Amino acid sequence: MSAGRLIGIGVGPGPSGYLPLAALAALRSADVIYLPRARGADLSVALQCLDGIEFERSRLREIEFNMDPDRQVLQEHYAQLGAELAAQLQAGLQVAYLTIGDALTYSTYGYVLAAVRDLLPQADCVTYPGITSYAAAAAALHWPLGVGKERTLILPCPDDAASLRAEIDSHDIVVLMKVGARLPWVLALLNEMGIARHCAFARRIGLSDQVLANDVSALDAASASGYLAVLLIRKTPQEKRHESKGQS
C-alpha cells in the first residue's frame, strides 16, 4: 500500500480565482477533503472561496472547528482530529485540509499539522501557500504594505488600547488581525492619534458583502465589525516620490 499524504491548502480570503494552480491540482487529486466551518456558521467560508471551481464535492467532509479560549479543550479537539487524519494517511489516502487565507498564517491547519506529526513524525505532508487577507486587502485598496525600509508588523489585535498604541509608535505599518469586537475602541484610538485618514479596513474581501475603506476616520464600527476583517495601519502618510528630472 502506498503511503498517504496530508495536503494543506490555503484557499485565499474570498475570490475563487485566488486559489493557486498547484493547489487546485492537489485539491482535485485528494481522496478526502476536510472543510472547516466556524462554530455557529451556516456555511463554510472556505467553500465559498471555491465557488465556481470544479472538483469532486462528494469527497468533502465538513468539520466544525473549535476556537475555545481554553487551551486544554483546544488541545483535545485537535488531538482527536489529528488521530482521524493520521488513520486515513496510514490507509494510504491523499487527505486535503482547506483553510481560508494562507495555510500557515493564523490558521487552524497549523494545529492539525502539529497533531498529525505528533502521531506520525514521518508523515508525508505538503502545504500550498495561499493569499492572506492583508495581501488581498492591500491589493484591493492599492495600499502598499511596505516601501523602502519601512518596518511592518503583523499583529493579532491586543486587548487594550495602550498596548496597540505602543506597537503603532514603534513601527511604520501595523497589519492588525483578529480585531473582532475590539473594532470600536481601535477606531477611536486611530482617530485620537490623528492617523485614521491614512489607515485602511477590509472585511470579507471578494465576497458579496465585502467592506472596503481607504480612510477609517468615519468608518461605522457597528456595521463594519465581524469575522474576516483586517486593518492596515500607517503611522504617517505615505511619502510621494516623484521621478527626477531627465528620467523617462
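A quick note: this is a predicted structure, and the numbers were derived from the prediction, not measured.
Here the CG atom belonging to Leu47 is positioned 5.5 Å from the CG atom belonging to Leu35, to the nearest 0.5 angstrom. Interatomic distance, CD of Gln238 versus CD of Glu150, reported as 7.0 Å (0.5 Å rounding). For the atom pair Arg204 CZ and Asp209 CG, the distance stands at 4.0 Å (nearest 0.5 Å). Atom CG of Leu212 sits about 6.5 Å away from atom CD1 of Ile205, to the nearest 0.5 Å. Between atom CD1 of residue Ile195 and atom CZ of residue Arg234 there is a gap of 11.0 Å, rounded to the nearest 0.5 Å. A distance of 9.0 Å separates CG in Leu190 from CH2 in Trp185, rounded to the nearest 0.5 Å.
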Please tabulate, one pair per line, all N/O donor-acceptor pairs under 3.5 Å involving side-chain atoms of residues 152-160, not counting sequence neighbours.
from: Thr152; atom 1: OG1; to: Leu145; atom 2: O; distance (Å): 2.6
from: Asp159; atom 1: OD1; to: Arg182; atom 2: NE; distance (Å): 3.1
from: Asp159; atom 1: OD1; to: Arg182; atom 2: NH2; distance (Å): 3.0
from: Asp160; atom 1: OD1; to: Ser163; atom 2: OG; distance (Å): 3.0
from: Asp160; atom 1: OD2; to: Ala162; atom 2: N; distance (Å): 3.3
from: Asp160; atom 1: OD2; to: Ser163; atom 2: N; distance (Å): 2.8
from: Asp160; atom 1: OD2; to: Ser163; atom 2: OG; distance (Å): 3.0

Which donor-acceptor pairs under 3.5 Å do the side chains of residues 121-132 make with protein atoms, sequence neighbours left out?
from: Asp124; atom 1: OD2; to: Arg5; atom 2: NE; distance (Å): 2.9
from: Asp124; atom 1: OD2; to: Arg5; atom 2: NH2; distance (Å): 3.2
from: Thr127; atom 1: OG1; to: Tyr109; atom 2: OH; distance (Å): 2.8
from: Thr132; atom 1: OG1; to: Ala135; atom 2: N; distance (Å): 3.1

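In this structure a side-chain-to-backbone donor-acceptor pair under 3.5 Å is missing from Ser225 to Ala222. No side-chain donor-acceptor contact under 3.5 Å links Asn214 to the backbone of Ala200. Looking only at distances, a side-chain donor or acceptor of Arg28 sits under 3.5 Å from a matching main-chain atom of Glu54. Arg59 places a side-chain N or O within 3.5 Å of a backbone atom of Ala30 that can act as its donor or acceptor partner.
Nearest heavy atoms, Ala161 versus Leu189: O-CD2, 3.7 Å. The two atoms that bring Leu19 and Gly10 nearest to each other are CD1-O, 3.9 Å, heavy atoms only. The shortest heavy-atom contact between Ala181 and Pro184 is O-CD, 3.2 Å. Listed here is the closest heavy atom pair of Thr105 and Asp102: OG1-OD2, 2.7 Å. Taking every heavy atom of both residues into account, Ala115 and Gly82 meet most closely at CB-CA, 3.9 Å. Annotation for Ile9 and Ala103: closest pair C-CB, 4.3 Å, computed over non-hydrogen atoms.
A single hydrophobic cluster is not seen to contain both Val211 and Ile100; linkage of ILVMFWY side chains at heavy-atom distances under 4.5 Å, directly or through other members, places them apart. Under a hydrophobic clustering in which Ile, Leu, Val, Met, Phe, Trp and Tyr are joined whenever their side-chain heavy atoms come within less than 4.5 Å, directly or via other members, Ile168 and Val216 fall into the same cluster. Hydrophobic clustering (side-chain heavy atoms under 4.5 Å, transitive across Ile, Leu, Val, Met, Phe, Trp, Tyr) keeps Met177 apart from Leu219. Criterion: ILVMFWY side-chain heavy atoms under 4.5 Å apart, direct or through other members. Under it, Ile53 and Ile33 are part of a common hydrophobic cluster. Hydrophobic clustering (ILVMFWY, side-chain heavy atoms < 4.5 Å, transitive): Leu98 and Leu85 are in one cluster.
With a 4.5 Å cut-off on side-chain heavy atoms, Tyr18 and Cys49 do not count as touching. A 4.5 Å side-chain heavy-atom check between Tyr97 and Pro36 finds at least one atom pair inside the cut-off. Side-chain contact between Leu81 and Tyr34: present, with at least one pair of heavy atoms (C-beta onward) separated by less than 4.5 Å. Using a 4.5 Å cut-off on side-chain heavy atoms (C-beta onward), Asn191 and Ser217 make contact.
Within the structure, side chain to side chain donor-acceptor pair (under 3.5 Å) contacts touching residues 193-203 (residues at least two apart or in different chains) are Arg197-Asp215.
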side-chain contact (heavy atoms from CB on, under 4.5 Å) evaluation trace for Leu232 with Ile173 = CA-CA 7 Å; Leu232 308 179; Ile173 293 168; 5.9 Å; no
Taking it one step at a time, do Leu183 and Leu231 satisfy side-chain contact (heavy atoms from CB on, under 4.5 Å)?
-> CA-CA 9 Å; Leu183 185 60; Leu231 258 168; 4.0 Å; yes
Intermediate values then yes/no, side-chain contact (heavy atoms from CB on, under 4.5 Å), Leu27 and Val11 | CA-CA 10 Å; Leu27 173 67; Val11 299; over 6 Å; no
So Thr108 and Tyr78, side-chain contact (heavy atoms from CB on, under 4.5 Å) or not? Walk me through it.
-> CA-CA 9 Å; Thr108 58; Tyr78 286 107; 3.3 Å; yes
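Under a cut-off of 6.0 angstrom, the local environment of CZ in Arg165 is crowded, with over 12 non-hydrogen atoms contributed by other residues, nucleotides or ligands. Around atom CD of Gln72, more than 12 heavy atoms belonging to other residues, nucleotides or ligands sit under 6.0 Å away. Annotation for Gln75: atom CD does not count as buried by contact number, only 12 or fewer foreign heavy atoms lying within 6.0 Å.
Checked by atom type, the side-chain pair Glu84/Gln80 shows no donor-acceptor distance below 3.5 Å.
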